Protein chains: 2
Amino acid sequence: MKTIADIAKIAGVAKSTVSRFLNGGSVSEETKRKIEQVINETGYTPNTFAQSLKAKKTNMIGTIVPRLDSYATSRTLMGIDERLRELNYHMLVSNTGQDLQREIESIYTLAKQKAAGIILLATQVTDAHLQAFRSIDIPVLLVGQQHEEVYSLIHDDETAGYAIGKYIAQRGHKKIAFLGVGEYDVAVGVKRKKGVARAMREHAEEVEARFFETTFNMTDAAEKAEQLFDEFSPSALVCATDNIAFGAMKAAYRKGQFVPKDISITGFGGYEVTAMMHPSLTTVHIHFKEAGQTAADHIVKLIKGEEIPKLTYSRFELILRESVDIRTDHLL
Amino acid sequence: MKTIADIAKIAGVAKSTVSRFLNGGSVSEETKRKIEQVINETGYTPNTFAQSLKAKKTNMIGTIVPRLDSYATSRTLMGIDERLRELNYHMLVSNTGQDLQREIESIYTLAKQKAAGIILLATQVTDAHLQAFRSIDIPVLLVGQQHEEVYSLIHDDETAGYAIGKYIAQRGHKKIAFLGVGEYDVAVGVKRKKGVARAMREHAEEVEARFFETTFNMTDAAEKAEQLFDEFSPSALVCATDNIAFGAMKAAYRKGQFVPKDISITGFGGYEVTAMMHPSLTTVHIHFKEAGQTAADHIVKLIKGEEIPKLTYSRFELILRESVDIRTDHLL
DNA sequence: CTCGCTATTGGAACCGGTTCCTTTTTATTT
DNA sequence: AAATAAAAAGGAACCGGTTCCAATAGCGAG
């Protein structure tokens, strides 16, 4: 492997001149040509470590994710990766396996590796997080969660929850159940639920709403849904994720209930499969990939010291499909 | 940020002594204690770049993937990441967006960044790949594809294809269709098909088999499946991926065909949703995560110069569910 | 033709570690 | 106690770049 010193010697100039050529300092046209030729002939590429050692920075953006096997994560990563590539940065993915401790560790590790910036697909923001953010001297962007101290990009789960809740209520459903997850996940467990609840309150006179809780796991969701059907027998079930909705559909099937005739079910996320199942699933499509691109844009702007809003919302869209029926019982 | 020189000064020893302490050279107990204390007090961590500069290596394993939004990819990545972490390595993910050119570029980029090793989740191996592998001086492990020149870990798609083909034939099906993808993807497009074809040949006397082709996209698959039902009206449809199977189920539904009564459908991959749909999907479950772990083990062994087999097979498993019916027509 | 200013270039220090070699200290052997 | 070996510690060079500063050269003005 050739070094800058080799190039300099072959070209008959000093190391510093080659370095200047590479980084755009003042070099005469003639010297430029000479150096360029030598570089092309030798196929020289600068050693990244030596560069980073002195320059104290890299073009790597650390992206911390709670899990890899989730539609939301992969779509977001795709968006981030795509845009970062365009902006000449690299994405370093750090998976934490939903372990909060490892999330904190990752922040410090990335800082140590001199990541230029950190994008955190967060499930919650604890004091330990904040402390980590403060102690490292690297821009951080939160995706999916928000905190006033940190730049955040969120999916506006509450409004989306409100939208789908409203939609269901307007379809004439009188007994509506919501199947969510624990409050440890602020976006899914708190915000989505809150949005739905707000819609329910607006229809409090005609609608009876009940809120249930399960995990992100399909099998758990299926079990919980079965219980819920026995306990409450709603005419519509709003699920906090598409996966939970899959479980719910399975449960309905086991109970001999037809979707949407006997029970309407909605999801949240907009996974590709939701279009293929039958009945196809009415769901909220969150533009994860687009959000990833925005996140990449934002982190790079932060690195460059440009201004970005403290809080950004990603877009969502109600996708109306077959799994929701209209109820006209009350008109009879 | 403290440097090794600071630590040395505070502890009253030389830089080299601290370095030796850090890397396990001969240091007296007393000095050890002193240095250790200073390090704890200051929270010193060595600068990765400076280390890599001299040592000319890192503990990063580059993992090149064609796409991120695929169940197979994410599960494999999880496995790799999990095991690498245990082995004290980091995973650097490079997504190529199914662009072959970018795949080659990534190999060189990773080499330049002094990745300790490269795991390539490949869809095909071209001459450009081989040339890249030869020119970089880093261990490479191929996952999902095989080539005699390179260490490979493959999913034994052929045997798996054979297994599911055999299973379908043994269930008494007489008109069997296979819906695969183009040969550009050797594992899915060639191997799986070949396995199924072999099984079909063994039953050539009773079975009429036809092979069709679509893309990895669900919607495309659904369309193709509809055509195929019109053209051939098989009693069983073996799909090359679970996603294709989803499309096929949608197509069956549109055609008013019941699964499995009118038509049996199988998938390939073992995605989690396959258990939740109804009818639940009979499929080949490939242990992607386990394969990822093995891949991590192998690449680290290669880095350490240990021996590993040139070719390894990952495990798979037939998951028998509801989407396949037994045909007894011929017994009537 | 000399002076002053600017565009180029070279040289050396530095970034923060690792490693080789030498010196010093300590332990062991005779 | 002297000789010798082994362990511990220090010093300096080096990894491959970047950057600061001084030296040189080129050029227009006076």
Side-chain angles (χ1 to χ4, degrees), chain A residues 1-39 42-60 108-109 111-116 136-138, chain B residues 1-39 42-60 88 90 108-109 111-116 136-138:
Chain A
M1 209 65 209
K2 294 256 177 285
T3 73
I4 200 171
D6 299 326
I7 304 302
K9 201 191 296 177
I10 301 178
V13 298
K15 275 168 65 176
S16 44
T17 307
V18 178
S19 176
R20 246 178 326 240
F21 167 80
L22 257 14
N23 299 295
S26 90
V27 180
S28 71
E29 284 306 319
E30 201 197 323
T31 323
K32 268 185 193 163
R33 249 191 304 285
K34 265 194 300 186
I35 297 178
E36 192 156 23
Q37 197 193 335
V38 176
I39 288 181
T42 54
Y44 162 79
T45 54
N47 178 314
T48 325
F49 301 114
Q51 290 182 312
S52 307
L53 176 57
K54 180 79 192 206
K56 291 173 185 296
K57 65 173 182 205
T58 64
N59 59 348
M60 286 214 313
Y108 288 112
T109 306
K112 188 179 136 192
Q113 295 180 352
K114 305 273 187 292
I136 65 177
D137 191 29
I138 298 176
Chain B
M1 208 67 209
K2 293 257 179 286
T3 73
I4 200 172
D6 299 326
I7 305 302
K9 200 191 296 179
I10 301 177
V13 297
K15 276 169 63 177
S16 45
T17 307
V18 178
S19 176
R20 241 174 334 227
F21 167 81
L22 256 15
N23 299 295
S26 85
V27 181
S28 72
E29 284 307 318
E30 200 196 323
T31 326
K32 270 186 192 163
R33 250 191 302 284
K34 266 195 298 186
I35 297 178
E36 192 156 24
Q37 197 193 335
V38 176
I39 288 181
T42 53
Y44 163 79
T45 56
N47 177 314
T48 325
F49 300 114
Q51 289 181 311
S52 306
L53 177 56
K54 180 79 192 206
K56 288 173 187 298
K57 65 176 183 196
T58 64
N59 59 348
M60 285 213 314
N88 251 304
H90 283 266
Y108 287 112
T109 307
K112 189 180 136 190
Q113 293 180 353
K114 304 274 187 292
I136 63 177
D137 192 29
I138 298 175

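Naming: A, B, ... by sequence-line order, numbering from 1 per chain. Source: prediction; values computed, not measured.
Residues B:Y108 and A:T45 fail the side-chain proximity criterion, which asks for heavy atoms closer than 4.5 Å. Using a 4.5 Å heavy-atom cutoff, the side chains of A:N47 and A:T3 are not in contact. Residues A:L22 and A:Y44 have side chains in contact (heavy-atom distance under 4.5 Å, counting atoms from C-beta outward). Using a 4.5 Å cut-off on side-chain heavy atoms (C-beta onward), A:F21 and A:E36 make contact.
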Item to complete: Would you sort out whether B:D6 and B:T42 count as a side chain to side chain contact (heavy atoms under 4.5 Å, CB included), showing the intermediate values?
Response: CA-CA 10 Å; B:D6 299 326; B:T42 53; over 6 Å; no

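Between B:K15 atom NZ and D:dA12 atom C1' the separation is 9 Å, expressed in whole Å. Nucleotide D:dA12 holds its P atom 16 Å from the NZ atom of B:K54, rounded to whole Å. Atoms CD1 (B:I4) and P (D:dG11) sit 15 Å apart, rounded to a whole Å.
Remark: A:S19 is not in phosphate contact with D:dT19, judged by side-chain N or O atoms under 4.0 Å from OP1 or OP2.
The nucleotide range of DNA chain C contacted by chain A, defined by atoms under 4.0 angstrom from heavy atoms of the protein and reported 5' to 3', is C:dT8 to C:dG16.
At a threshold of 4.0 angstrom between heavy atoms, the contacts of A:Y44 are confined to the sugar-phosphate backbone, with no base atom among them. Residue A:S26 is in base contact, counting any heavy-atom pair closer than 4.0 Å across all strands shown. Within the 4.0 angstrom heavy-atom criterion, only backbone atoms of the sugar-phosphate kind lie near A:T31; the bases stay farther away. Across all strands shown, A:V27 has heavy atoms under 4.0 Å from sugar-phosphate atoms exclusively, and none from any base.
B:S19 places no side-chain N or O within donor-acceptor distance of the main-chain N or O of B:K15, the cut-off being under 3.5 Å. In this structure, B:T58 contributes its side chain and B:K114 its backbone to a donor-acceptor pair below 3.5 Å.
In terms of position along DNA chain C, the nucleotide closest to B:P46 lies nearer the 5' end than the nucleotide closest to the other residue of the pair B:P46 and B:R20.
Comparing D:dG11, D:dA8, D:dT19 by their closest approach to the side chain of A:S16 singles out D:dT19.
When the local axes at the two ends of the helix from C:dC1-D:dG30 to C:dT30-D:dA1 are compared, using 5 base pairs at each end, they differ in direction by 40° after rounding to 10°.
Taking CG of B:N23 as the start and OG of B:S16 as the end, the distance is 11.5 Å to the nearest 0.5 Å.
Salt bridge B:R33/B:E30: absent, no basic N to carboxylate O contact under 4.0 Å.
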